[in-house]
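What follows is one structure encoded as structure tokens, with my remarks underneath.
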There are 2 protein chains.
Amino acid sequence: MADDPRLELLQGTLDMLILKALQREPLHGFGIVSHLDKLSAAAVRVEQGSLYPALYRLEEQGWVKSEWGVSETNRKAKFYSLTAAGRKRFAVETEQWRRMSRAINLILQST
Amino acid sequence: MADDPRLELLQGTLDMLILKALQREPLHGFGIVSHLDKLSAAAVRVEQGSLYPALYRLEEQGWVKSEWGVSETNRKAKFYSLTAAGRKRFAVETEQWRRMSRAINLILQST
DNA sequence: GCGCTTACCTAGAACATCTAGGCAAGCATG
DNA sequence: CATGCTTGCCTAGATGTTCTAGGTAAGCGC
């Protein structure tokens, strides 16, 4: 792992990105992955093995809720949507992200 | 941990920040911590329990080297400095950081 | 010599993410 | 109708980083 390409997500950002993806409309797991992939120009690639545990985490916390339905391609799929608490949580996480990334950039820009 | 203040570092950024701190001059462990604390206006707080394992990691990879010396306050201290490989590594990590944070901000800014 | 601070070090837990699979069902093709 | 591709969900286990929570030692001021 010394010299891996490091496409991995920064830890702690996955939850935030998922919440963001659900901000517009409910999506199923597969949809979340392709949504993020598209938006980030493939810079962010979420593995399913990371996604589903994250979704359960979010659901357990009450930030998203799920409902079985039928996908656009006529397969059964579990649709996740934001709860009110989830919207609040999203605001909190983005604020933390901004603060942390600002601090890091500050350090990087110092002489 | 659901509602902790989350002052924790984003995973993967610690190494980069340490390398950055050593860019100007060799520092001992204690010095690195206070340096980062000062530069980030206390937004980044590195615990010693995180720092030392990270330093050993960096040394093992050949990105920093260490030498025993005497601190400004006349105590013995181990001074860490960047190697040539460490400088290269720092460039790689900052590039990765920039790419990832750009991608995340892109996603956050989407409608 | 006592307490404070600087300074180093470690073991263990917690946690997120990735790897690497497996399962099932729709759909198209022959 | 069988085969294969794709969509879609799910899990176990490994890996790696960071944090918690300690301990040790030595200089300095009083």
Side-chain angles (χ1 to χ4, degrees), chain A residues 1-19 26-37 44-61 64 66-80 93 96-97 100 104, chain B residues 1-19 26-37 44-61 64 66-80 93 96-97 100 104:
Chain A
M1 98 264 12
D3 40 12
D4 63 357
R6 268 281 203 177
L7 293 166
E8 292 143 29
L9 272 174
L10 290 163
Q11 186 169 319
T13 58
L14 178 55
D15 290 9
M16 176 177 70
L17 294 178
I18 291 175
L19 294 176
L27 289 172
H28 48 74
F30 219 80
I32 294 174
V33 170
S34 49
H35 185 73
L36 292 178
D37 195 63
V44 170
R45 196 165 301 129
V46 180
E47 305 299 328
Q48 293 196 1
S50 311
L51 177 72
Y52 289 109
L55 282 172
Y56 305 147
R57 216 160 47 222
L58 295 175
E59 188 165 19
E60 200 181 343
Q61 309 274 0
V64 306
S66 64
E67 206 177 353
W68 282 98
V70 176
S71 79
E72 321 77 52
T73 57
N74 202 34
R75 279 162 181 90
K76 85 173 146 78
K78 203 192 261 180
F79 285 83
Y80 290 88
E93 296 211 359
Q96 287 171 349
W97 161 256
M100 277 302 309
I104 289 173
Chain B
M1 98 266 8
D3 41 11
D4 64 355
R6 267 283 202 178
L7 292 165
E8 293 144 26
L9 273 174
L10 289 162
Q11 186 168 320
T13 57
L14 177 56
D15 290 10
M16 176 177 68
L17 294 178
I18 293 175
L19 295 176
L27 290 171
H28 49 74
F30 219 80
I32 294 173
V33 170
S34 49
H35 185 73
L36 292 178
D37 196 62
V44 169
R45 196 164 304 128
V46 180
E47 305 299 330
Q48 293 194 2
S50 310
L51 177 74
Y52 290 108
L55 282 172
Y56 304 147
R57 215 159 48 223
L58 295 175
E59 188 164 22
E60 201 182 343
Q61 308 274 1
V64 306
S66 63
E67 206 175 354
W68 282 100
V70 177
S71 79
E72 322 77 51
T73 57
N74 201 33
R75 280 163 180 89
K76 86 174 145 73
K78 202 192 261 178
F79 285 82
Y80 289 88
E93 295 209 1
Q96 286 171 349
W97 160 256
M100 278 302 308
I104 288 173

Rounded to the Å, how far apart are [X] [atom1] and [N] [atom2]?
{"X": "A/Lys76", "N": "D/dC9", "atom1": "NZ", "atom2": "P", "result": "9 Å"}
{"X": "B/His35", "N": "C/dA7", "atom1": "NE2", "atom2": "C1'", "result": "18 Å"}
{"X": "B/Trp68", "N": "C/dA7", "atom1": "CH2", "atom2": "C1'", "result": "8 Å"}
{"X": "A/Arg45", "N": "C/dT17", "atom1": "CZ", "atom2": "P", "result": "17 Å"}
{"X": "A/Glu47", "N": "C/dT17", "atom1": "CD", "atom2": "P", "result": "12 Å"}
{"X": "B/Asn74", "N": "C/dT6", "atom1": "CG", "atom2": "C1'", "result": "11 Å"}
{"X": "A/Leu58", "N": "C/dA16", "atom1": "CG", "atom2": "C1'", "result": "12 Å"}
{"X": "A/Glu59", "N": "D/dC9", "atom1": "CD", "atom2": "C1'", "result": "13 Å"}

For the helix from C/dG1-D/dC30 to C/dG30-D/dC1, measure the angle between the helix axis at one end and the axis at the other, each built from five pairs, rounding to 10°.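 Nearest ten degrees gives 10° for this helix.
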Any N or O donor-acceptor pair under 3.5 Å from the base of C/dG26 to the side chain of A/Arg75? yes
Side chains of B/Met100 and A/Thr13: closer than 4.5 Å at any heavy-atom pair? no
If you only use heavy atoms from C-beta on, which nucleotide in [options] is closest to the side chain of [X]?
{"X": "A/Gln48", "options": "D/dT7, C/dC9, D/dC9", "value": "D/dC9"}
{"X": "B/Arg57", "options": "C/dC9, D/dT18, D/dC9", "value": "D/dT18"}
{"X": "B/Pro53", "options": "D/dG8, C/dC8, D/dT18", "value": "D/dT18"}
{"X": "A/Lys78", "options": "D/dC9, D/dT18, C/dC18", "value": "D/dC9"}
{"X": "A/Tyr52", "options": "D/dG27, C/dC9, D/dC10", "value": "D/dC10"}

For D/dC9, does OP1 or OP2 lie under 4.0 Å from any side-chain N or O of A/Tyr56?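 A/Tyr56 to D/dC9 OP1/OP2: no side-chain N or O under 4.0 Å.
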Could you tell me whether the phosphate oxygens of D/dG8, OP1 or OP2, come under 4.0 Å of any side-chain nitrogen or oxygen in A/Ser71?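 Answer yes for this pair, as a side-chain N or O of A/Ser71 is under 4.0 Å from OP1 or OP2.
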For DNA chain C, whose closest nucleotide is more 5', that of B/Gly49 or that of A/Ala54?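 Upstream on the strand: B/Gly49.
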Pick the nucleotide of DNA chain C nearest each of B/Thr73 and A/Thr13; which residue has the one closer to the 5' end?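 Taking each residue's closest nucleotide, the earlier one in sequence belongs to B/Thr73.
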How do A/His28 and B/Leu14 order along DNA chain D: which one's closest nucleotide is nearer the 5' end?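 The residue closer to the strand's 5' end, by nearest nucleotide, is A/His28.
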B/Leu51 and B/Gly29: which non-hydrogen atoms are nearest, and at how many Å?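 Minimum heavy-atom separation between B/Leu51 and B/Gly29: CD2-O, 3.4 Å.
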Please find the pair of heavy atoms, one from B/Ser50 and one from B/Leu14, that lie closest to each other, and give the distance.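 Scanning both residues completely, I find the closest heavy atoms to be O-CD2, 3.8 Å.
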To the nearest 0.5 Å, atom CD1 of A/Ile32 lies from atom CD of A/Gln48 at 11.0 Å
As an exercise, state the distance from CG of A/Leu17 to CH2 of A/Trp97, rounded to the nearest 0.5 Å. 8.5 Å
Just wondering, more than 12 heavy atoms not from B/Glu72 lying within 6.0 Å of its CD?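 Yes, enclosed.
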Using the side chain to side chain contact (heavy atoms under 4.5 Å, CB included) rule, pick out the option among B/Val64, B/Leu58, B/Leu55 that qualifies with B/Asp15. B/Leu58
Checking A/Glu59, A/His28, A/Lys78 against A/Ser66 for side-chain hydrogen bond (donor to acceptor under 3.5 Å, both in side chains), the one that qualifies is A/Glu59
